[in-house]
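Atoms considered below: every heavy atom in the structure, side chains included; atoms not considered: hydrogens, waters and symmetry mates.
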Amino acid sequence: MKQLLRYLLLLWTVLAISCGKFLDVKPKDYVSDDQTITDKTSAQTALRGTYRKLSADGYYGSLFQTFGYLPGDNVQWTGSQSVIQQFITHNIQADNGNLASVWSAIYATINSANHVITKVPGVNDAAFSSDDKNQIVGEALAIRALSYFDLARTWGNVQVTLTPTLTTADKENVEQRNQEAVYAQVLADLNAAEPLLKAPVSANPVRINQETVWALKARYYLYRGQWSEAAAYAAKVLADQKNYQLVQPYAAFFSPASTVATRESVFELSYSATYTNSHRNSWQPPANGGTRQWAPADAFITLVNDAAIGGNRKALVARTSAGLWYGNLYYRSPATDPAYIIRIAELYLIYAEALAQQGKTTEALTPLNAVRGRAGLTDFTGASKEAALLAIENERRVEFAFEPHRWFDLVRTNRAAAVLGLTDAQKYLFPIPAQEILLSKGRLAQNPGY
C-alpha cells in the first residue's frame, strides 16, 4: 500500500522526479498549488521548473534518450540488468522500471506545463506585460508539444490532459487517445505557441523561441510524412544563418568542455555543477570515473572510424589505454554536458529527406552534402530517389549516433525490419507501463502484442 501511494504521488503531482537536484532552487520552482503563479517572478520560476522537468534524469537527462538509441544498432549494453537488455533485444516487458520512469517523467513535464499555460494568462501584475505572458505561455506550449510528440512516437496511444493535476481524482475521467489524436494535439500546441513567441534576436538555444517551434514542426511533419510542410519549416530555420550554423569541425558543438549553446544547437538543455546530467556516468569508462553501461557497438566503431563514412565524426568515440572503446559525446566532469534536443544538422537532413521524398533529388543533395562536408566527406552524387534516401538514412545514423534518433528513424521509415530484422510491427511501439494500466481503472488499454 505504501508503495502504491508513493507511485500515485510520483505520477499525478508535480513534485520533482529527482528531488535532490532541486535542493538548490527555491520551492516555488516545483510546487504548483493555486498560490504558486501569482506574479511575473513566480511565473518565470514556474516556467524554469518546467524546463527542469524536461531535463530530468527520467526524460532528456538520460533515460528517454536511451529509448532512441538502445533499440537501434549503434549502441551495445555492457551490463547484466535485464531492464536495459530488454530494449536491446526488443523484448520490453510492461513491468520494466525504466519504462515506468520515463512515462512518469514525461507526464510530470506535461503537468508542469499545464500549470503555466492555465495560470499565467490570468495573472494580474502591472510589471507583467502581455508580451512577457505570451512568451512564457508559448514556451510551455512548445514543451508540452514536445512531450506529447515523444509519448506518441514511443507509446502511440496515451492519455491527453490539458489542465493541471493536483490529485489523482483530477484525471479519473481522462480517456486514452489513439496515436493520430495525440499527434493532432502536438500540432495544435505548436500552432498555438508559434504566434506567442518572438523570433530570436541572438543565439540562445536554451530558451524556446519562434524558430524552435518551426524546427519542432519540421520534425513533426517529417514523422507524419507531410513532405512539403517538413521542407518548408526546415527551410525557414535554415534561412537564419545568423543564429544557426553547422559549426566546424563536427566536434566543435561539444568540445572543448567549456563549449555550450553553440550556433549548432537550435534547442539544447543546460546543466550545472549543482544540477548535473546523469548521461555522462553511463557513457564514460571506469578509467574516467564512469560505468560505461552503454557503449558504441562494434559495427558503429567500424563505421565512424572509416574516413569515408565517419570523417571527423570519429570524435564521437575514444579508446582507453587498455583498448576499451567508449562514447565521448558526454564526458564533462562534473557532468554538465548539455542535452541536445534539436541541432541544425537535423534541419539540414530533414530538408534533404523531405525534398527527396517529393522526387526533388538534385535539390536534396545540397543540404545532405552540407552535413557531409562539415564531417569532412566528399559530396554524395547518387541520382535516384532511393539512393538519396538511403544516403540520408546512413548520414543520420552516424551524425546522431548517441542522440535519441536511430530507433525512431527506423520505425518511422518502415526500415526496422530490413535493418534490425525486427519483423513484428507490434514491437515498434513500447508497452504501456503495467502499473499505469492498473491505476487507470480501465481507461488505458495495453498496446497490442504485450
Given the rule in the ring pair (Phe, Tyr, Trp, His ring centres under 6.0 Å) test, do Y69 and W283 qualify, once you have shown the distances and angles that lead to the verdict? CA-CA 13 Å; Y69 55 66; W283 279 103; 5.5 Å; yes
_For E211 and K217: C-alpha separation, side-chain torsions, deciding distance, then whether salt bridge (charged side-chain N to carboxylate O under 4.0 Å, His left out) applies._
CA-CA 10 Å; E211 293 182 1; K217 279 190 169 185; over 6 Å; no
Margin query: Distance alone, cut at 3.5 Å: any donor-acceptor contact between the side chains of T262 and E264?
Written below: no
Just checking, is any N or O donor in the side chain of N281 or S278 under 3.5 Å from an acceptor N or O on the other one? no
Review point. Do H115 and T50 have side-chain heavy atoms sitting under 4.5 Å apart?
Key: no
Next on the checklist: When you measure from the centre of the six-membered ring of F128, is the NZ or CZ of K133 closer than 6.0 Å and no more than 45° off the axis?
Outcome noted: yes
Legend entry - Salt-bridge criterion met for R224 and E180 (N-O under 4.0 Å): yes
**Request:** Give the ring-plane orientation class for F64 versus F408, where under 30° counts as parallel, over 60° as perpendicular and anything between as tilted.
**Result:** parallel
**Q.** Between S42 and D39, a side-chain donor and acceptor under 3.5 Å
**A.** yes
Compute the ring centroids of Y223 and F149, then answer whether they are less than 6.0 Å apart. yes
Review point. So, for F300 and F402, is the gap between ring centers shorter than 6.0 Å?
Key: yes
**Asked** Would you call the rings of Y275 and Y271 parallel, tilted or perpendicular if under 30° counts as parallel and over 60° as perpendicular?
**Response** parallel
*Determine whether the side chains of Y51 and E139 contain a donor N or O and an acceptor N or O closer than 3.5 Å.*
yes
* Asked: Could you walk me through whether D409 and R397 pass the salt bridge (charged side-chain N to carboxylate O under 4.0 Å, His left out) check?
  -> CA-CA 9 Å; D409 280 346; R397 178 184 182 181; over 6 Å; no
The residue among I88, T78, V75 that forms side-chain contact (heavy atoms from CB on, under 4.5 Å) with W294 is V75
Test side-chain contact (heavy atoms from CB on, under 4.5 Å), reference Q176, set V160, V182, I432, output is I432
For this session: Give a yes or no on whether the ring-centroid distance for F253 and Y340 is below 6.0 angstrom.
Result: yes
